[in-house]
Number of protein chains: 2
Amino acid sequence: MRARFVDAAEAILREEGGHAVSARVVAEKAGLKAQLLFYYFRTMDDLLRAVIRRINERRLERFEQALVSPEPLRALWDLNTDASSAILAIELNALANRREAIRAEIVDGARQFRLIQTEAAKRLLPSSAGSAAGIVMIAASLARMLANETALGLTEGHADAIAIVEQFLARPESNTREEETAPI
Amino acid sequence: MRARFVDAAEAILREEGGHAVSARVVAEKAGLKAQLLFYYFRTMDDLLRAVIRRINERRLERFEQALVSPEPLRALWDLNTDASSAILAIELNALANRREAIRAEIVDGARQFRLIQTEAAKRLLPSSAGSAAGIVMIAASLARMLANETALGLTEGHADAIAIVEQFLARPESNTREEETAPI
DNA sequence: GTCTATATAATGATAGAC
DNA sequence: GTCTATCATTATATAGAC
């Protein structure tokens, strides 16, 4: 039952945005009564915290999968530009901006993801290791903006920005497997 | 009177975010009655459209000023990273995501700003003219993310990302005045 | 655990007097 | 133009029966 509410809330967060995640809407999506929601989760903030925890867990799983793919750097770019992931990241950010009670949960998750992506970038791009954190930030911010603007129908400049990323990904170093650059 | 409501609404949008821009809160900030707001603006969407138009106008003015400064490229970066501007850009984006009625106003303004920034980048960076739109997107997206995360207390990677931008701005070409590179 | 009913606050908006 | 009064809707919850 808890899971059904969390599923519904996450779906609405992805499809409609954080502002649409209300008790009645979530309950309707779950096919349950809104009052039941308050039985399983004392407050809406509790529900949102549960949603955020699950989103963060799944993001880490997908990150680990990307790391062991044939082209890890491209896989990480694809993970960040995936429309649903990027829009979810934006919604979480907006949620953190306006709801103090769940801010820590979101910010801590984002910080953790930033740090492990940076560690991975250092290993995958040894010659740019000193700029790894900056490269991760540039890629993450660009990915989110591309997804958000595309959803709004604004695509001016997108092809150009993607071309720069593709150029970066096509470099020899970017296509080196991790075990070749950082053997055990 | 109209201007007082617009002033108040913009201030709340900057300070509290788009979700806080309600009729009662705006009216209180303006020192007027909420019902008067509906006399001057038929709906809240009308008020928001007026706010957006003024924000877009002022953004264009500040852009023109940046162009004639001694270091136009740095001035443009400063304009985009200014905390209030960057957070306002994020709030407008979030607003466009959830309010169909004002989406066009926001998206059209963003598109216009993207295009003129790209034109300026082409002139200021003739050797990278082909990537100007991409460079503008990267700078704009990074600037917004830096401002938003700083507001949330998340600063991991920021110094690193800023170092990459500073390196770019320190290149000889980046410091060439426009009249030297593109004489009349 | 799940139901009906209800409390309380905020929202966008309107009616009609002055 | 500005006021008081009001409405309909939605929000997060809570009380208490079954």
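Please read these numbers as outputs of a predicted model, since none were measured by experiment.
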message = Does the protein touch nucleotides 1-13 of chain D at the base, only the backbone, or not at all? Give it as B, S and - per nucleotide, heavy atoms under 4.0 Å.
response = BBSBB-----BBB

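Between the CD1 atom of I12(B) and the C1' atom of dT11(C) there is a distance of 14 Å, rounded to whole Å.
Ring geometry, F113(B) versus F63(B): the interplanar angle exceeds 60°, so the pair is classed perpendicular (tilted spans 30 to 60°).
Between K29(A) and D7(A), none of the side-chain N atoms (NZ, or NE/NH1/NH2) sits under 4.0 Å from a carboxylate O, so this pair counts as no salt bridge. Salt-bridge formation is not detected for the pair R114(A)/E119(A): no Lys NZ or Arg NE/NH1/NH2 atom is positioned less than 4.0 Å from an Asp or Glu carboxylate oxygen.
A cation-pi arrangement is found for R171(B) relative to F168(B), the charged atom lying closer than 6.0 Å to the ring centre and inside a 45° cone about the ring normal.
Heavy atoms of other residues, nucleotides or ligands lying less than 6.0 angstrom from CD of E15(A) number more than 12.
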